[in-house]
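First up is the structure itself, then whatever we jot down about it.
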Amino acid sequence: DSQGLLETNRAFFKFTMDAIRELQKQLQEAQQVSNLRKISERNCIDLVQKLIASDQVKLFHTTSGKEYLTPDQLDCEIRDALDAAGGRVSITDLPNEIGVSLEHCEARAEQLRKK
């Protein structure tokens, strides 16, 4: 019956709109939360350094001092440098290309070679 289908569609639309309004309300509340619950950049850096020091995460610090790379990301960066150079690149050129120290480039290149 078309009347029943119309009523079902109206009920579904009302439910959907109510859910959307509730989500909008939650988003607005989350955006208005005080900065008291946010971690400062300095504290965030300290936490990351402690996680690295305790071997809970493996990250490589870039030479710019502004970023960290995961081992997988460093592997990807090395592969990209190899692709850009036509398949061959001097290991001593990688630190300038990628922005990570030579020792990290050597270690990850060795891991890639073994794969």
Side-chain angles (χ1 to χ4, degrees):
D1 151 320
S2 65
Q3 185 63 27
L5 182 60
L6 183 59
E7 289 301 317
T8 301
N9 285 342
R10 283 185 186 151
F12 176 75
F13 180 74
K14 181 180 179 338
F15 170 78
T16 303
M17 289 307 297
D18 289 344
I20 290 171
R21 284 189 192 100
E22 179 60 28
L23 288 172
Q24 287 173 328
K25 180 182 167 197
Q26 289 175 9
L27 175 61
Q28 187 176 30
E29 289 170 358
Q31 289 173 335
Q32 292 175 353
V33 170
S34 167
N35 285 342
L36 295 175
R37 294 185 183 161
K38 293 184 181 176
I39 298 174
S40 71
E41 184 176 343
R42 182 71 240 159
N43 287 343
C44 184
I45 291 168
D46 289 342
L47 287 171
V48 169
Q49 289 174 338
K50 286 179 183 181
L51 289 170
I52 292 170
S54 66
D55 289 329
Q56 293 182 16
V57 295
K58 179 70 174 167
L59 297 172
F60 301 106
H61 201 264
T62 60
T63 53
S64 71
K66 296 182 180 185
E67 298 175 305
Y68 291 97
L69 294 177
T70 64
D72 289 342
Q73 183 61 39
L74 182 53
D75 292 353
C76 184
E77 298 280 339
I78 291 171
R79 280 191 223 100
D80 289 348
L82 282 167
D83 288 344
R88 291 181 63 111
V89 65
S90 171
I91 193 75
T92 57
D93 291 339
L94 281 176
N96 292 332
E97 297 259 340
I98 299 171
V100 176
S101 73
L102 179 61
E103 68 183 83
H104 297 314
C105 290
E106 287 175 331
R108 294 313 299 176
E110 182 63 22
Q111 291 294 320
L112 286 171
R113 187 187 65 78
K114 289 178 181 179
K115 285 184 181 180

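Since the structure is predicted, the reported quantities are computational estimates derived from the model, not experimental observations. Here, residue 1 is the first one in the sequence, and each next residue gets the next number.
Listed by first then second residue, pairs satisfying salt bridge (charged side-chain N to carboxylate O under 4.0 Å, His left out) with a partner in residues 81-109 read Asp75-Arg108, not counting sequence neighbours. Sorted by first and then second residue, the ring-ring contact (aromatic ring centres under 6.0 Å, His included) pairs involving residues 86-115 (not counting sequence neighbours) are Phe60-His104. Applying the salt bridge (charged side-chain N to carboxylate O under 4.0 Å, His left out) test to residues at least two apart or on different chains, none of the pairs has a partner in residues 55-71.
Side-chain contact between Leu69 and Leu59 is absent, with no heavy-atom pair separated by less than 4.5 Å. Leu94 places none of its side-chain heavy atoms less than 4.5 Å from the side chain of Leu102. In this structure, Tyr68 and Val57 have side chains that are not in contact, with every pair of non-hydrogen atoms separated by 4.5 Å or more.
Through side-chain heavy atoms spaced under 4.5 Å, either directly or across other Ile, Leu, Val, Met, Phe, Trp or Tyr residues, Leu27 is tied to no other residue.
Remark: Glu110 engages Arg113 in a side-chain hydrogen bond (donor to acceptor under 3.5 Å, both in side chains) (not counting sequence neighbours). For Thr63, the side-chain contact (heavy atoms from CB on, under 4.5 Å) criterion is met by no residue, not counting sequence neighbours.
Summarising the geometry, atom CD1 belonging to Ile98 is positioned 4.5 Å from atom SG belonging to Cys105; distances are rounded to the nearest 0.5 Å.
Nearest heavy-atom pair across His61 and Val100 is O-CG1, 4.3 Å. Pro95 and Ile91 make their closest contact through CD-O, 3.3 Å (heavy atoms, listed as atom of the first residue, atom of the second, distance).
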Given Glu77 and Gln73, is the side-chain hydrogen bond (donor to acceptor under 3.5 Å, both in side chains) satisfied, shown in steps? CA-CA 6 Å; Glu77 298 280 339; Gln73 183 61 39; 2.9 Å; yes
For residues 40-51, which side-chain N or O atoms pair as donor and acceptor with protein atoms under 3.5 Å away, sequence neighbours left out?
unit_1	atom_1	unit_2	atom_2	d
Ser40	OG	Asn43	N	3.1
Ser40	OG	Asn43	ND2	3.3
Arg42	NE	Asp46	OD1	3.3
Arg42	NH2	Asp46	OD1	2.7

